[in-house]
Visitor: 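Sending over a structure as structure tokens; questions will come in a sec.
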There are 2 protein chains.
Amino acid sequence: MPIGFEQHDHTTCIQTALTSAETCCADEGLQLTKVRRRVLELLLVEHKALGAYDILSTLNSEGLGSQPPIVYRALDFLVANGFAHKIEKLNAYSACCHPGKAHAPVFMICRACKYVVEAQTEPLRNFLGSTAKAAGFLIERTVIEIEGLCPACQKAEVL
Amino acid sequence: MPIGFEQHDHTTCIQTALTSAETCCADEGLQLTKVRRRVLELLLVEHKALGAYDILSTLNSEGLGSQPPIVYRALDFLVANGFAHKIEKLNAYSACCHPGKAHAPVFMICRACKYVVEAQTEPLRNFLGSTAKAAGFLIERTVIEIEGLCPACQKAEVL
DNA sequence: CATGTAATGTTATACTATAACATATAGGAA
DNA sequence: TTCCTATATGTTATAGTATAACATTACATG
Ligand SMILES: [Zn+2]
Ligand SMILES: [Zn+2]
Ligand SMILES: [Zn+2]
Ligand SMILES: [Zn+2]
């Protein structure tokens, strides 16, 4: 799994995520059905976020469904069980890169190449916890998204 | 301005925000037109986020415009100049509570009463800065939103 | 007044998401 | 096996959010 935008063996990302989903579903009695699994695979193709309708058009071309509820149900399942995340800023969805762990994901989104990196963030979690505690606020979910330029696109920008 | 969900003199919030917007526009040669000012006022009525179409229906009833571009243009102006923020999680907009300062706002959103509090966060800004730096990422914008329960609604929940 | 820029008006459309109800499928109980 | 129930999928329709494109107006400046 990448901790940043560096090169990495992405087949490992894919395998880890799929295996983790399979294991988790088996353990918890959840059904990783054909459509759900296929959507997860599509989200794992690259570290980019996909819109629901992008996914739907692929599903449609593969005969797995043609109407919005098909894809939204699959996405709801994946998000609810921690196999994927919604990127609010993009109205798009991304496979979880750190499955199996409770986490408050931080996404770095490159506006140029569209890559999305999910960072590990225990310290941030603690930090937000204390901010919220000072206000007496009970945290249930967090959305932390950073938009900007990845290292490669910063270099390209200069040219 | 509230630092949390406590009671406060909200007329001060309103006055400060409007004065700040007027001053800033005068200084920068920006036009705080009728529609733009009215939208800002509407966002300041309460510490809640308003959807674009909520705002539009008020504008419409006041004869200030009836089509979506009217409100989206005003919102774009307010957001671009730091007088308001978009709350991505809610697809809604909220007046800035700390105008005039560069800031990476943190929003605490109560899912029960819908109040939205914008916290001050220099330390978080620094923290995200170092997280991004480790990945070589250049930050341009941040979205930090915490969803949960405010103190009052936590008490109500127990009943 | 002439000219250019910024703002607004207007129509149409694109994109994102869910409600509601029908049907099918899988797994467990009788 | 058969029936039952819960879960998942199929289908139609619609709600909610946002922008493109182009016409018109307002206004500052020379
Ligand atoms: Zn990878
Ligand atoms: Zn994750
Ligand atoms: Zn206030
Ligand atoms: Zn602000």
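Just so you know, these numbers use all the heavy atoms, side chains as well, and skip hydrogens, waters and symmetry mates. Letters A, B, ... are given to chains in the order of the sequence lines, protein chains preceding strands, and every chain is numbered from 1.
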Visitor: In this structure, how many angstroms lie between the C1' atom of dG10(D) and the CZ atom of R36(A), rounded?
Guide: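 Between C1' of dG10(D) and CZ of R36(A): 15 Å.
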
Visitor: Using a 3.5 Å distance criterion without hydrogens, assess whether the side chain of E145(A) forms a donor-acceptor pair with backbone atoms of I87(A).
Guide: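 Answer holds: no.
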
Visitor: Is the shortest heavy-atom distance from the side chain of L42(B) to the side chain of D54(B) under 4.5 Å?
Guide: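 No. Closest side-chain heavy atoms not under 4.5 Å.
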
Visitor: Using OP1 and OP2 only, check whether a side-chain N or O of N91(B) sits under 4.0 Å from dA18(D).
Guide: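 Yes, N91(B) has a side-chain N/O under 4.0 Å of OP1/OP2 on dA18(D).
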
Visitor: Would you say the side chain of M108(A) lies within less than 4.5 Å of the side chain of C150(A), judging by non-hydrogen atoms?
Guide: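 No, too far: nothing below the 4.5 Å cut-off.
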
Visitor: Check the distance between dT16(C)'s P and K89(A)'s NZ and give it to me in whole angstrom.
Guide: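 Answer to the nearest Å: 14 Å.
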
Visitor: Side-chain N or O of T33(B) versus OP1/OP2 of dT8(C): is the shortest distance under 4.0 Å?
Guide: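 For dT8(C), OP1 or OP2 has a side-chain N or O of T33(B) closer than 4.0 Å.
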
Visitor: Could you tell me the separation between the CG atom of L75(B) and the P atom of dT17(D), rounded to a whole number of Å?
Guide: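 It works out to 12 Å between those atoms.
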
Visitor: List the steps, then state whether side-chain contact (heavy atoms from CB on, under 4.5 Å) holds for I70(B) with L64(B).
Guide: CA-CA 9 Å; I70(B) 298 294; L64(B) 287 171; 6.0 Å; no

Visitor: Between Q67(A) and F77(A), which is nearer to the 5' end of DNA chain D once each is assigned its nearest nucleotide?
Guide: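 So the residue in question is F77(A).
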
Visitor: Rounded to the nearest Å, what distance is computed from the CZ atom of residue R38(B) to the P atom of nucleotide dT8(C)?
Guide: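 Those two atoms, CZ and P, are 15 Å apart.
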
Visitor: Between the protein and nucleotides 19-21 of chain D, which nitrogen or oxygen pairs come in under 3.5 angstrom?
Guide:
from, atom 1, to, atom 2, distance (Å)
dA21(D), N6, R73(B), NH2, 3.3

Visitor: Kindly indicate whether the side chain of C13(B), heavy atoms from C-beta on, has any atom under 4.5 Å from the side chain of H8(B).
Guide: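 A side-chain contact under 4.5 Å exists here.
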
Visitor: Rounded to the Å, how far apart are L50(A) CG and dT16(C) C1'?
Guide: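 So the CG-C1' distance, L50(A) to dT16(C), works out to 15 Å.
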
Visitor: What is the distance, rounded to the nearest whole Å, between atom CD of Q31(A) and atom P of dT25(C)?
Guide: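 The answer, rounded to whole Å, is 13 Å.
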
Visitor: Could you tell me how far apart E88(A) (CD) and dT17(D) (P) are, to the nearest whole angstrom?
Guide: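 Rounded to whole Å, this separation is 13 Å.
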
Visitor: So that I know where these two stand, are H98(B) and H85(B) an aromatic pair - ring centroids less than 6.0 Å apart?
Guide: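 No, they do not, as the ring centres are separated by 6.0 Å or more.
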
Visitor: dA6(C) P sits how many Å from K34(B) NZ, rounded?
Guide: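 To the nearest whole Å, that distance equals 23 Å.
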
Visitor: Regarding K86(B), tell me which of base, sugar-phosphate or nothing describes its non-hydrogen contacts under 4.0 Å with the strands shown.
Guide: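 The answer is sugar-phosphate, as K86(B) gets under 4.0 Å only of primed atoms, P, OP1 or OP2.
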
Visitor: What class does the angle between the rings of F77(A) and F83(A) fall in, given that below 30° is parallel, 30 to 60° is tilted and above 60° is perpendicular?
Guide: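 Rings of F77(A) and F83(A): tilted, as their planes differ by 30° to 60°.
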
